[in-house]
Amino acid sequence: MYIYDSVAKTKRAFKPLIPGKASLYVCGPTVYDDAHLGHAKSAIVFDLLRRVLEAEGSEVTYVRNITDIDDKIINKSRETGISITKITDIYTEAYHRDMSALGVKRPTLEPKATESLEAMFELIQKLIDSGHAYRTDSGDVYFDTQSDSEYLSISHRHQDEAETQQRVESSDEKRYPADFALWKAVHDDSITFDSPFGPGRPGWHTECSAMIEKHIDRGGAYSVDIHGGGADLLFPHHENEAAQTRCATGHEIANYWMHNGFVTIDGEKMSKSLGNSFFIKDALKAYSGEVLRFFLLGTHYRSDFNFNEEDLLASKKRLDRLYRLKKRLFGLNARDDTTSFQSALLEALGDDLSISRALALLDEMIAEANEGLDANPKDKVLKRRILADLAYVETLLGIGTMNPYEYFQHGIDEETKVKINALIDARNAAKKAKDFARSDAIRDEIAAMGVQLMDTPQGTFWERSE
RNA sequence: GGCGCCAUAGCCAAGUGGCUUAAGGCAUGGGAUUGCAAAUCCUUGAUCCCCGGUUCGAGUCCGGGUGGCGCCUCCA
């Protein structure tokens with residue numbers, strides 16, 4: 001496949017270090033709060049990448065870390081009185097629950113920072129030994145950015161010394177303002193970990209480099225094939241990761257870099273400080289996870305994504321078409337036929353995840369399938385082909401996975417369903433007696449409940465409207 | 001202040017110099033179908049923010065302008 005490498009700033013043919021085996025590392029969440037739409041976008045994008053690589057026949061090692069050591073977690077613990085481990089357990093579980101609802105498959109490995117301390121010590125020690133890191137009087141260990149001639153080659157910055165100086169507040173102990181902490185010494189009663197450098201906790205970039213070395217590096221020209229994350233991580237996070245690994249191991253951390261665009265809410269960046277965060281769990285109250293997945297998937301991963309309800313509903317209608325087709329073939333089993341649609345779909349996604357092209361192909365497939373079924377409702381060969389295509393879409397895009405009836409009835413409780421079915425029976429009786437005034441009155445009554453009826457040769461079905 | 005991204009129909013969104021006098025979806029108008037509807041199918045719409053340039057040829061490259069946005073500070 002082809003991947004746009006955001007460091008090379010060009011599209012490159014993807015060639016893994018070991019043919020047939022792709023490795024992927026993505027920066028995961030800090031588990032101190034519920035996941036928001038930005039987490040969802042990133043997770044969905046790289047889930048898609050993983051599916052495409054697998055569909056192309058690669059054996060994918062996908063590592064996504066869980067950051068469970070962080071000042072934000074510690075602060076939350078102080079504020080709430082809940083223990084650190086309790087907090088990280090709660091939000092790790094919440095993250096998994098939300099991602100699962102969005103159809104995001106679990107990565108191959110999900111290392112936690114607390115379980116990777118040895119690897120971090122090793123990395124830091126190597127940097128100290130090789131003169132790329134230094135200790136301060138207060139016990140902190142800093143990375144010496146000036147010791148790395150390649151520093152800033154990832155984010156293509158040309159840091160102006162004077163300008164940097166005014167940006168950084170407490171640089172008193174640093175040799176150079178851009179230097180960053182590998183280990184922060186802690187002397188009070190905060191959470192600390194014992195280390196060869198004294199009690200403290202790791203700097204925020206340390207874990208990614210350490211985990212990649214521990215779980216992925218196979219001693220090649222670089223550590224991991226693809227490194228991914230949100231666009232905001234390019235600098236300083238990825239720059240610093242790259243510097244650490246380069247100086248500790250002598251090779252680059254990644255061969256390809258992928259950065260997904262931001263999610264904005266009504267045109268503004270979503271951020272905690274602006275107070276416009278949008279939690280996935282809240283969005284899931286109104287929409288099924290798959291509707292959200294499809295919406296977030298619909299815009300190319302490198303573009304910024306603006307979230308608003310109106311566009312979400314338009315996106316849902318597009319997904320509805322897939323489910324309507326699925327409904328027409330409900331109850332039939334798919335087989336593994338391969339079709340030209342499938343290869344075209346994979347080819348589109350293999351071109352830097354060109355989702356718009358892929359969805360256009362999907363729409364065309366759906367239209368042709370409906371047309372064919374209209375013309376030849378009993379064509380078994382056609383049905384087989386459509387079912388195979390739908391199954392392929394499920395696997396590759398992670399959409400169309402639900403029971404179509406449940407999809408269209410999302411959010412309606414059991415009691416209401418019973419009531420609706422009773423009204424449908426009454427209406428069908430009226431229809432049979434050609435009492436259309438009464439049957440239309442019943443339909444209006446049902447419509448008032450937010451439910452739409454559809455008469456078909458197979459009977460009367462209903463969907464949630466709006 | 002430094003670095004960077006974006007600007008295509010009412011809305012979302014492809015397009016990386018000629019095969020595209022611009023995919024696909026939503027919405028709108030018309031039609032087929034339907035007891036009426038819904039669904040489905042057919043059909044309907046933009047010369048690509050502005051100005052200048054390069055080229056036989058530009059939405060697509062270059063320069064300038066205008067308007068959005070992001071990173072440089074915790075953030076996917």
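Below, read A as the first sequence line, B as the second, and so on, with proteins coming before strands; counting in each chain starts at 1.
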Of A:G230 and A:D304, the one whose nearest nucleotide on RNA chain B sits closer to the 5' end is A:D304
Scan side-chain atoms only and decide if A:Y151 and A:N240 contain a donor-acceptor pair under the 3.5 Å cut-off. yes
Under 4.0 Å, counting only non-hydrogen atoms across every strand here, what does A:K72 touch: a base, just sugar-phosphate, or nothing? sugar-phosphate
Check the distance between B:rA13's P and A:F294's CZ and give it to me in whole angstrom. 14 Å
What contact category does A:V45 fall into here, base, sugar-phosphate, or nothing, at under 4.0 angstrom with non-hydrogen atoms? nothing
Can you name the atoms? Protein N/O to nucleotides 20-30 of chain B N/O, anything below 3.5 Å, with the distance.
| residue | atom | partner | partner atom | Å |
| --- | --- | --- | --- | --- |
| B:rG24 | O2' | A:R318 | NH2 | 2.9 |
| B:rG24 | O2' | A:D363 | OD2 | 2.4 |
| B:rG25 | O4' | A:R318 | NE | 3.3 |
| B:rA27 | OP1 | A:K317 | NZ | 2.9 |

When you measure from the centre of the six-membered ring of A:Y2, is the NZ or CZ of A:R12 closer than 6.0 Å and no more than 45° off the axis? no
Qualifying side chain to side chain donor-acceptor pair (under 3.5 Å) pairs, either residue in residues 369-379 of chain A, two or more places apart: A:R328-A:N370, A:R328-A:D374
Whole-Å gap separating P (B:rC12) and CG (A:L292): 19 Å
Could you check which nucleotide pairs with B:rU40 in any of the strands shown, counting Watson-Crick or G-U wobble with both distances under 3.5 Å? B:rA32
With a 3.5 Å cut-off and heavy atoms only, can you find an N or O donor on one side and an acceptor on the other between the side chain of A:D232 and the base of B:rG70? no
Using only side-chain N and O atoms of A:N260, determine if any of them is under 4.0 Å from OP1 or OP2 of B:rA76. no
Can a salt bridge be assigned to the pair A:D70 and A:R201 using a cut-off of 4.0 Å between side-chain N and carboxylate O? no
For RNA chain B, which residues of residues 452-462 of chain A approach it to below 4.0 angstrom with any heavy atom? A:Q452, A:L453, A:M454, A:D455
Flag for A:H238-A:H259: side-chain donor and acceptor within less than 3.5 Å: yes
Proximity of A:Y176 and A:Y142 rings by center, below 6.0 Å: no
Touch check for A:K431, heavy atoms < 4.0 angstrom, all strands: base, sugar-phosphate only, or nothing? base
Once you apply a heavy-atom cut-off of 4.0 Å, does A:G261 come out as touching a base, just sugar-phosphate, or nothing? base
So what does A:R64 touch, heavy atoms closer than 4.0 Å: a base, only the sugar-phosphate, or nothing? nothing
Sorted by first residue and then second, give each side chain to side chain donor-acceptor pair (under 3.5 Å) pair with at least one member in residues 281-291 of chain A; sequence neighbours left out. A:D34-A:K281, A:D282-A:K285, A:Y287-A:E309, A:E290-A:Y323, A:E290-A:T401
When both hydrogen-bonding distances must be under 3.5 Å and the geometry is Watson-Crick or G-U wobble, what is B:rU55 paired with, if anything? none
Sugar-phosphate only, base, or nothing, as touched by A:H237 at under 4.0 Å among non-hydrogen atoms: nothing
Of the listed nucleotides (B:rA76, B:rC41, B:rG35), which one gets closest to any side-chain atom of A:N370? B:rC41
Quiz: residues 98-105 of chain A side-chain donor-acceptor pairs under 3.5 angstrom, not counting sequence neighbours:
| residue | atom | partner | partner atom | Å |
| --- | --- | --- | --- | --- |
| A:K105 | NZ | A:E54 | OE1 | 3.2 |

Mind checking what makes side-chain contact (heavy atoms from CB on, under 4.5 Å) contact with A:K15, not counting sequence neighbours? A:A13, A:Y256
Identified pairing partner of B:rC71, criterion: Watson-Crick or G-U wobble below 3.5 Å: B:rG2
Heavy-atom nearest nucleotide on RNA chain B for A:K9 versus A:I366: which residue maps closer to 5'? A:K9
Taking 4.0 angstrom as the limit, do A:R427 and A:D455 come out as a salt bridge? yes
Return the nucleotide paired to B:rG10: Watson-Crick means purine N1 to pyrimidine N3 with N6-O4 or O6-N4, wobble means G-U with N1-O2 and O6-N3, both under 3.5 Å. B:rC26
Distance check needed: B:rC36 C1' versus A:D435 CG, whole Å only. 13 Å
I want to verify a distance call: between B:rG35, B:rA76, B:rC41, whose nearest atom is closest to the A:H36 side chain? B:rA76
Within the stacking criterion (centroid distance below 5.5 Å, interplanar angle below 30°), does A:F436 stack on B:rG35? yes
